[in-house]
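Let me begin by presenting the structure, written as structure tokens, before commenting on it.
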Amino acid sequence: MRPEPPITRRRLLAYAGGAGLAGATALVAGAAPASARAYEFDLVFNVPDTDNMQGLAYRRGRFYVGFDVGNGMGVIREYDRSGTKLKESRPLAVGHAAELSFRDADGMLYVATGGGTNPTKVHVVDIAADDPSIVRTIDFASLGNSGLVAVDNRRDGLLVHAGPGDQGPFVFGFADLNGRVRSTFPLPYQGVPQGLEMAGDKILYYTNNRITVLNRQGRILDAIDIPLTGESEGLAVAPAGRGTRVFFGYNKPNRVYAMKPVFH
């Protein structure tokens, strides 16, 4: 598809009959949905690096983007909100770096391998170090391939996505930080898996041009279609009370957007 031209705002009316997405604040608080909800999609910055963009994370005003650089290696780069690059890791053995998520308790970055033929592993990266490195690896190969990860900060655990390939069927597993799976639920194919995050007890699952919102039992609460072009890559949620809360990436070309609700 032809890349989306540079824009600062696109709007989509999303009609939902169940509990829906109204920014991370409403997700955390469990606010009742409006019967008709509009979302603004604002371009935050064009990513200056042209490598194969994959996962996305956000922490304290900084964006962290994972890039697949080939041969099972990935690079993680830190940007400010204007797109200025502040830091870059050396190539790390994190596979596709398909999704990134921060643990609030210690600031460690959890990085999923991704890829329909790659066994799922989650690498814990000390991104704050002068020379970021993998400090440990959690093996979730028993769940399958096509791995994504989100830190479940409310319960200080992990949510892992996996399946036999990028076409599913997929399983979502809640696990402790040592990799012990506590519970799972299946999900029918919603699109190619591209991003995963937790907002309180709600799950945000990003596939091409769509964010699906689920509860912890796997029931779909809402689905928000995104009117942009390119390949969807990476999802991040900022803590409540800090302005725009939900961020998502696209490549071809690489860029980061913010989503926020507008009520009419």
Side-chain angles (χ1 to χ4, degrees), residues 3-10 23-24 40-70 73-92 94-104 106-112 114 123-134 148-151 153 194-199 204 206 211 226 228-260:
E4 184 75 12
I7 62 173
T8 58
R9 182 162 295 175
R10 292 288 300 271
E40 292 181 345
F41 301 93
D42 294 343
L43 179 67
V44 182
F45 65 92
N46 289 302
V47 178
D49 296 284
T50 59
D51 296 312
N52 185 10
M53 178 175 166
Q54 297 291 314
L56 177 67
Y58 176 91
R59 180 175 171 84
R60 296 178 177 174
R62 300 289 185 259
F63 295 87
Y64 299 81
V65 181
F67 296 86
D68 179 4
V69 295
M73 308 297 283
V75 169
I76 299 167
R77 297 181 175 116
E78 176 186 348
Y79 304 91
D80 66 16
R81 199 177 179 94
S82 69
T84 300
K85 183 164 57 179
L86 305 175
K87 190 173 187 177
E88 179 174 346
S89 77
R90 55 187 164 85
L92 303 172
V94 294
H96 288 299
E99 187 57 303
L100 319 178
S101 187
F102 274 102
R103 182 182 178 219
D104 289 345
D106 59 9
M108 291 292 179
L109 186 63
Y110 286 69
V111 183
H123 304 281
V124 184
V125 175
D126 184 0
I127 196 65
D130 291 338
D131 181 17
S133 63
I134 298 171
L148 299 173
V149 66
V151 177
N153 280 300
Q194 304 287 12
L196 185 67
E197 259 293 1
M198 293 287 300
L204 280 66
Y206 187 30
I211 296 174
I226 301 170
L228 301 172
T229 59
E231 184 175 357
S232 304
E233 298 290 358
L235 183 69
V237 173
R242 298 189 182 182
T244 300
R245 317 293 201 274
V246 180
F247 304 101
F248 57 93
Y250 269 85
N251 70 19
K252 304 173 185 177
N254 296 336
R255 56 221 141 99
V256 174
Y257 291 90
M259 182 180 79
K260 59 184 177 182

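What you see is a predicted model; the values in this text were computed from it and never measured.
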Keeping the roles fixed (side chain from [X], backbone from [Y]), state whether a donor-acceptor pair exists under 3.5 Å.
{"X": "Asp80", "Y": "Gly83", "answer": "yes"}
{"X": "Tyr58", "Y": "Gly61", "answer": "yes"}
{"X": "Tyr250", "Y": "Tyr257", "answer": "no"}
{"X": "Ser101", "Y": "Val149", "answer": "no"}
{"X": "Glu99", "Y": "Leu56", "answer": "yes"}

**Message:** Please enumerate all residues that pass side-chain contact (heavy atoms from CB on, under 4.5 Å) together with Asp104, with sequence neighbours excluded.
**Reply:** Arg59, Asn153
**All side-chain contact (heavy atoms from CB on, under 4.5 Å) counterparts of Asp68, not counting sequence neighbours** = Asn52, Gln54, His96
**Request:** Go through the structure and list residues passing salt bridge (Lys or Arg N to Asp or Glu O under 4.0 Å) with Asp131, not counting sequence neighbours.
**Result:** Arg90
**Prompt:** Mind checking what makes salt bridge (Lys or Arg N to Asp or Glu O under 4.0 Å) contact with Asp49, not counting sequence neighbours?
**Reply:** Arg77, Lys85
**Request:** Apply side-chain contact (heavy atoms from CB on, under 4.5 Å) to the pair Asp51 and Asn254, showing each step before the final yes or no.
**Result:** CA-CA 8 Å; Asp51 296 312; Asn254 296 336; 5.6 Å; no
**Prompt:** For Thr84, which residues count as a side chain to side chain donor-acceptor pair (under 3.5 Å) partner, sequence neighbours excluded?
**Reply:** Ser82
**Complete:** The side chain to side chain donor-acceptor pair (under 3.5 Å) partners of Lys87 (sequence neighbours excluded) come to none
